[in-house]
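Each remark here refers to the structure printed beneath this line.
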Amino acid sequence: MNRRAGNIFRRASRQRAAGRLTDVTDGIEHAHALDRTIRVLSTGVKRVLRPGPVKDALHGVPLGHPAHPPLTDVPMGCWMSAAVLDLLPGTRRASEALVAAGLAGAVPTVLTGVADWSALHRGQQRVGLVHAGGMAVATVLYSASYAARYRGRDDAGRALGFAGLGALLAGSYLGGHLAFRQAAGASHADQVAHLVTLGWHDLCKADELPDGWPVHRSLGYISLFVLRTGDEVHVLADRCSHLAGPLHQGRIVSDDNADLCVVCPWHGSTFRVRDGSVVHGPATGRQPSFESRVTENGTLQVRPLG
Ligand code: FES
């Protein structure tokens with residue numbers, strides 16, 4: 001086989017391997033057999049995790065982005081470092097400490113992951129469930145690895161650690177698929193502010209807007225949530241930053257400071273209508289908001305707030 005033919009063969013093999021991986025993840029996304037388990041688990045999580053400050057903290061509302069992804073760095077970093085040290089002589093104590101630190105870091109990682117998982121679309125929940133299963137296997141294996149090392153059975157501890165690393169990498173692959181291909185955790189509204197050109201844009205006649213009742217209006221191909229309350233008009237991107245739910249179908253409520261808020265009809269994220277800030281998750285990203293004014297001829301104009 002000449003060199004060019006060899007390169008083509010290797011490239012085709014790589015593409016086949018990548019195709020097989022995405023076949024697996026596509027299969028998980030459509031694995032309806034998982035749905036019963038998902039229904040039971042997510043009902044249980046929602047019963048235990050009631051709306052409030054703890055749930056908001058687990059979602060990452062105070063951080064402005066999901067708390068789960070950065071927390072995964074703790075167990076993953078510790079356990080991968082332990083695997084490297086396990087290949088070197090004289091590092092027994094350091095490896096053991098890293099395995100233990102990874103186990104401690106797994107606790108908040110699991111809690112934040114469970115909270116986020118309970119408010120996802122079904123296809124995302126299927127991938128999330130298998131991702132969690134892989135991580136659970138990894139955690140069990142690392143727990144056994146720590147117990148073996150603690151008892152002085154270092155060879156068994158190392159072997160269990162490497163087995164845990166395999167499960168960790170498989171689970172992480174699915175976590176990456178969930179975050180980047182299925183866009184769980186990413187803001188689904190952030191791009192709106194960049195799609196609207198600078199300056200004022202005519203939206204509709206102000207007097208056609210009902211008072212106190214949100215409606216949907218289109219600015220080109222962008223969907224907007226519009227709420228008129230007396231002489232004031234509040235305008236936000238309509239697609240919820242959590243998973244793109246239609247905010248104009250949401251409930252209007254007041255927060256503790258009597259600020260008007262909209263509650264997303266899909267998973268209950270709550271945003272202040274005056275600036276799109278998040279009051280309650282699962283959304284963590286601010287909803288893009290627009291400044292509004294009414295011209296002399298009664299046309300409502302909007303422009304993105306910087
Ligand atoms: S789409 Fe999930 S809360 Fe809005």
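Keep in mind that what you see is a predicted model, and the values were worked out from it rather than measured. Both counts, for ligands and for their atoms, begin at 1 and track the order of listing.
Partner of V233 under the side-chain contact (heavy atoms from CB on, under 4.5 Å) criterion, chosen from E291, Q301, R293, R228: R228.
Ring pair H267/H242 is perpendicular by interplanar angle, where above 60° counts as perpendicular and below 30° as parallel.
The shortest non-hydrogen separation linking S223 to H216 is OG-NE2, 3.2 Å.
Ion pairing between R286 and D190 fails under the 4.0 Å rule for side-chain N and carboxylate O.
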Side-chain polar contacts of residues 40-52 - donor-acceptor pairs under 3.5 angstrom, sequence neighbours left out - could you list them?
unit_1: S42; atom_1: OG; unit_2: I38; atom_2: O; d: 3.1
unit_1: T43; atom_1: OG1; unit_2: R39; atom_2: O; d: 2.7
unit_1: R50; atom_1: NH1; unit_2: K46; atom_2: O; d: 3.4

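T109 is listed as a side-chain neighbour of H68, based on a closest heavy-atom distance under 4.5 Å.
Any protein N/O/S atom under 2.8 Å from atom 4 (Fe) of ligand 1 was counted, giving 2 altogether.
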